[in-house]
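Structure, as structure tokens:
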Amino acid sequence: MTPFARRLAIAAPLAALTFLAQSVVAHADEPWVNAPMGPVAREIQPVYWILFAAAVVVLVIVDGGIIYSAIRFRERPGHLAKQFHGHNMLELTWTVIPTAMVIFFTVISFQRLQFINDTRTGAQMTIQAEGVQWAWNYKYPEEDRFRLKSGKYLTGAEDIHVPVGTKVRIELSSPDVIHDFFVPAIGGKKDAVPGRKTELWIQADRPGVYKGQCAEFCGDGHADMLIVLHAHEPAEYAKWLAEAIDFANLLDDPETQRGRDVFRNNACVGCHVIRGLSGGRVGPELTNIASKPNIAGVQSLSPVNVENLKKWISNPPAHKPGTQMPVVPLSETDLDALAKFLAVLK
Ligand code: CUA
């Protein structure tokens, strides 16, 4: 071994360990496997730790044996490695122990699977979650409390709202490729598979915001498929719902239909978030644009009304030199419709 190779052989594992330790410390406060926040996660957690501990023991024994043998029995002057064929005791040991371990893991997993997979018993509500390249879209149940003026039912994207302490069935689907619904602190993890329905259930013990992420690589935008699960106390849930319904009614209003279509069919939709309508992340969120004191921080474009919105959209750089927002060519009617739509977003 050259001196450089020797130094590398010592430094590389040390660097890897340091990196690992650092990330463990950096993420220690995140609700991960060590802080289950729902019944499913609580079932999974012990199995996780047992498997993890067993894996560490196996790693130490196997790698320790390899390293020890490589050093102790290496070729060197005056030493010939012992030659032998077959060793009943050794072979029995490394067959029986792993077999027993695998059986044990299977048993403790199966014991819990029935509870984890039982999406029906006691479920109080079903939310449809569609994983699509690259967003999660939710459909709330067809119950009166979720009904909009138009007769449609409430939908949402990225954020999903559930009442605390309630068993919620999530029905998963996908129109394109396989996605995976995963909110670690709440537990459960299931693929959304094109052409079929899959389901899991979630229940949050305490109110809060629990983060999740699509856990199946599904293309360029995979990392954008966040899941933000909000669990509310019943009173808070009713409050959220009332606001969500109001806003959805606003977005669903036939008066502003044309403007919404303009927004959706042009470059706007790619850059701006409007809650419940679009998920672009490049530009500022427009969900409450009409409540802002001015447009894009430009003092002369105040208040946010149809007239000023038209001025801004027709030529952003003229009002704010250097702005990232391009001039999007729109007909006069489209521009008018778009401004009228944006002006109601309070
Ligand atoms: Cu969807 Cu990854």
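Indexing begins at 1, ligand by ligand and atom by atom, following the structure's order.
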Sequence neighbours excluded, which residues qualify as ring-ring contact (aromatic ring centres under 6.0 Å, His included) partners of Phe115? Trp201

Gln124 atom CD: more than 12 heavy-atom contacts under 6.0 Å: yes

Qualifying ring-ring contact (aromatic ring centres under 6.0 Å, His included) pairs, either residue in residues 151-174, two or more places apart: His161-His230, His161-His232, His161-Trp240

Counting only heavy atoms not in Gln114, do more than 12 sit closer than 6.0 Å to its CD atom? no

Applying side chain to side chain donor-acceptor pair (under 3.5 Å), which residue pairs with at least one partner in residues 314-328 are found, sequence neighbours left out? none

Check atom 1 (Cu) of ligand 1 and write out every protein N, O or S atom at under 2.8 Å, as residue and atom. His179 ND1, Cys214 SG, Cys218 SG, Met225 SD

Look at atom CG of Asn88 and say whether more than 12 heavy atoms of other residues, nucleotides or ligands are closer to it than 6.0 Å. no

